[in-house]
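What follows is a short report on a single structure.
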Amino acid sequence: MEKTYLLKGLDCPNCSAKIEREVGELETVERAAVNLMRQTLTVETDAQGEELFETIEKIVHRHEPDVHVTDITGKKPEAAAAHTHEHDHEHEHGHEHEHEHGHHHGDEEGSAAFRVTKLVVGAVVFLVGLILPRFVEMPFAARLGIYVSAYLILGYDVLWSAVRNLTHGELFDECFLMTVSTLGAFAIGEYPEAVAVMLFYQIGEFFQDLAVDHSRDSITALMDIRPDSAVVLRGGEWVTVSPDEVEVGETIRVKPGERVPLDGTVIEGTSSVDTRALTGESVPRTWRPGDSALSGCIAENGVLTIRVEKEAGESTAAKILELMQSASEKKAPAENFITKFAKVYTPVVCLIAVLLAVVPPLLFHGTWTEWIRRGCVTLAISCPCALVISIPLTFFGGIGAASKKGVLVKGSAYLEALADADTVVFDKTGTLTKGTFSVTQVSPAGPCSREGLLSWAAHAEAASNHPIARSIADAYGKPVSADELTEAREIAGRGVETVWQGRRILVGNAALMEEHGIRAVRSSGGGTVVHTAVDGEYMGYLVIEDTVKEDAAEALRELESLGVKRVAMLTGDRAEAAQAVADTLGVRDVKSGLLPGDKVACLEEYMEDAEKTVFVGDGINDAPVLARADVGAAMGGLGSDAAIEAADVVLMKDRPSALCDAIRVSKRTKRIVTENIVFAIAVKVVFILLGALGLIGMWAAVFGDVGVMLLAVLNALRILRA
């Protein structure tokens, strides 16, 4: 059973990782995932009742005392957050909890103001302690009192967190390291250094929170695409209601400047439409009657009347929101590595610091003060904050940067995999080609006429939304209705089988005809050949041709420059049509006439020799191969719901070049992650060695810890400019 908890106020990547790890280690929990953007914790568990909730609440409050925990299983996080604002879990469960100020605070304005006030007051008191003795002779007790006051103002929350964690067996975290190192500095008389460590640590934490908020806001702003209301026609009047209340089949109206609330079909009006929120494109598109209307787009200069085709929860805007808000749950290997690294690294460094402080004075007659100072310096340097904060933040920002370009990545694991992709496999129809077909040849057979062949084919395809079906209907030129069909069955990779006016009609490729023992006429030309048979009698074929997308050839060339070694095309079309497109684009590796299972088998062959394989497709029959690939990329605008659901990356522009954008962002993200890992570890190793040798003091230790963290966070934020 899956349970979801809202962690209102969670804003720390480091604490998120700890909460996720500790909850995941509970006996009754099979899996735990914290989503920092949505501020949720999702667990797979068999536990019943309040016991699990109370355990999770204790774990969360151990790391983030100000975070409110609420069980929102079965609810939307947004709605639950609004509910929690008025009626939090203390009232729901009959508990009252004390919320001390932890070293990370929630996102409420009062908490942020308190942090700034505390930081400013502590810094002023510290500066008074540094400067005043230079001008006024002060007794030792007064100077010590000033430093202790500044220390407590700046670090009381760190001290309290260290004590609280100590009682729960949590020894090796940043609070423990900061407490031991600064108290050690006080013990050996280095009062200014002790306060400075706490001051700059708090400054670093403050900037970390700002960075997380900035990164979260950059994604949230991009996702502000779902309107709060819809204007629907009811009883002859236009009524404003919530989009959730609008039913499929109802008619809605969108005026200039308004955002389309639900997916549907334009039935009246023409307007230029801003699609940037979905596709990242700055050039408006024009919608006319008969065009698909996607929620989240903005009408610019005309009133549109739209027939609703999907409920609010199934709309394009809702699905994009869900994809983006769930993105942080699929963690990259680099994130998992850092979590494991910090778990081992911190205890090892603590042991080194203790040995450094104790062994030389005991065995080699060293000075206790000097070696304790070196041990404290080592502890102050050793915090792995730069890594555990900047790495998730970089991936978080990378997902945001990709979304600005109209590419939705479902998790950092897929973003990292894209950077290593050396094989890209494309579907043909709707992916490399536009999917806007036209009938270029009508070849009736036997007693059937040209008009008769088009009629049989158009009526048989009436229930299908496939581009080929629409092109046949356009060529027929007369209205057809799926209501006239008594049976309708789509055969993946083959065609359709329907019953119209008591006649059984088969429309599809040669393989479909062969399966039913019908001898079809072969066509030697290009394009897609669609055969038609009625009650087992062959009626002829249509040739339908597609056009290659304008950016397809350039995108394939660019993939090579991005390090992709192999580009292939898999399609269910016949060999002649597939080869014609391949020749146009310069694709050498082509396999045609494939069923969905055949595509999976071909992809697995490519995967044997590839580091990472990307498959790009758009149709229902692409869902299995999208799910099988290392990274499945679906064309979002024309793509089917099944393809988008199975894919790991959604290309909202419906252009192959969007994949190049995604790979560029992924490579930049991975490069920044690598830079932060190498930089942070290298600086800490060097500074720990210098500290052990007594060549640097606590001031340098401050840079080795907080300075490195700040630089890593600032470097991580570069990805948002990608």
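- Among residues at least two apart or in separate chains, there is no side-chain hydrogen bond (donor to acceptor under 3.5 Å, both in side chains) pair with a member in residues 119-143.
- With His61 contributing its side chain and Val67 its backbone, the two residues share a donor-acceptor pair below 3.5 Å.
- Annotation for Ala357 and Trp368: closest pair O-CZ3, 3.7 Å, computed over non-hydrogen atoms.
- Applying the 6.0 Å contact sphere to CD of Glu51 captures no more than 12 heavy atoms from other residues, nucleotides or ligands.
- Of the inter-residue distances, the one linking Thr669 atom OG1 with Leu415 atom CG reads 4.5 Å to the nearest 0.5 angstrom.
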Stepwise side chain to side chain contact (heavy atoms under 4.5 Å, CB included) test for Thr674 and Phe679
CA-CA 8 Å; Thr674 303; Phe679 171 69; over 6 Å; no
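- Partners of Val125 under the side chain to side chain contact (heavy atoms under 4.5 Å, CB included) rule, at least two apart in sequence or in another chain, are Val121, Ile146, Ser149, Ala150, Ile153.
- In this structure, Ala353 and Gly375 approach most closely via the heavy-atom pair CB-O, 3.5 Å.
- With sequence neighbours excluded, the residues satisfying side chain to side chain donor-acceptor pair (under 3.5 Å) with Lys670 are Asp420.
- Between Leu130 and Tyr147, some side-chain heavy-atom pair lies under the 4.5 Å cut-off.
- Between Lys118 and Asp157, the closest side-chain pair of non-hydrogen atoms falls below 4.5 Å.
- When the options Val407, Val631, Asp648 are evaluated for a side-chain contact (heavy atoms from CB on, under 4.5 Å) with Leu418, the one that passes is Val631.
- Residues Ala402 and Val665 share a closest heavy-atom pair of N-CG1, 4.1 Å.
- Here the side chains of Asp71 and Leu6 are not in contact, with every heavy-atom distance at 4.5 Å or above.
- With a 4.5 Å cut-off on side-chain heavy atoms, Val23 and Val43 count as touching.
- Of the possible polar contacts, one joining the Lys667 side chain to the Ala419 backbone as a donor-acceptor pair under 3.5 Å is found.
- With a 4.5 Å cut-off on side-chain heavy atoms, Ile372 and Thr367 do not count as touching.
- With sequence neighbours left out, Glu675 forms a side chain to side chain donor-acceptor pair (under 3.5 Å) with Asn715, Arg718.
- Under the 3.5 Å distance criterion, the side-chain polar atoms of Glu2 are left unmatched by any main-chain donor or acceptor of Glu44.
- Take Glu370 and apply the side chain to side chain donor-acceptor pair (under 3.5 Å) test, not counting sequence neighbours, and it matches Arg373, Arg374.
- In this structure the side chain of Lys3 reaches within 4.5 angstrom of the side chain of Thr45, judged on heavy atoms.
- Using a 4.0 Å cut-off between charged nitrogen and carboxylate oxygen, Arg62 and Glu22 count as a salt-bridge pair.
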Tyr5 vs Thr70, side chain to side chain contact (heavy atoms under 4.5 Å, CB included): CA-CA, chis, key distance, verdict
CA-CA 5 Å; Tyr5 301 91; Thr70 310; over 6 Å; no
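- A search for side chain to side chain donor-acceptor pair (under 3.5 Å) contacts involving Thr182 returns Tyr151, not counting sequence neighbours.
- Judged by distance alone, with hydrogens and angles left aside, the side-chain atoms of Ser666 form a donor-acceptor pair with the main-chain N or O of Ile663 at under 3.5 Å.
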From CA spacing to verdict: side chain to side chain contact (heavy atoms under 4.5 Å, CB included), Thr42, Arg31
CA-CA 8 Å; Thr42 304; Arg31 181 187 69 89; 4.0 Å; yes
The test is side chain to side chain contact (heavy atoms under 4.5 Å, CB included); show your working for Met138 and Leu132 and say whether it passes.
CA-CA 8 Å; Met138 296 178 64; Leu132 197 59; 3.8 Å; yes
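- The side-chain heavy atoms of Leu26 and Ile59, taken from C-beta on, include a pair separated by under 4.5 Å.
- Nearest heavy atoms, Phe687 versus Ala700: CE2-O, 3.3 Å.
- Between Lys410 and Val649 the shortest side-chain heavy-atom distance does not fall below 4.5 Å.
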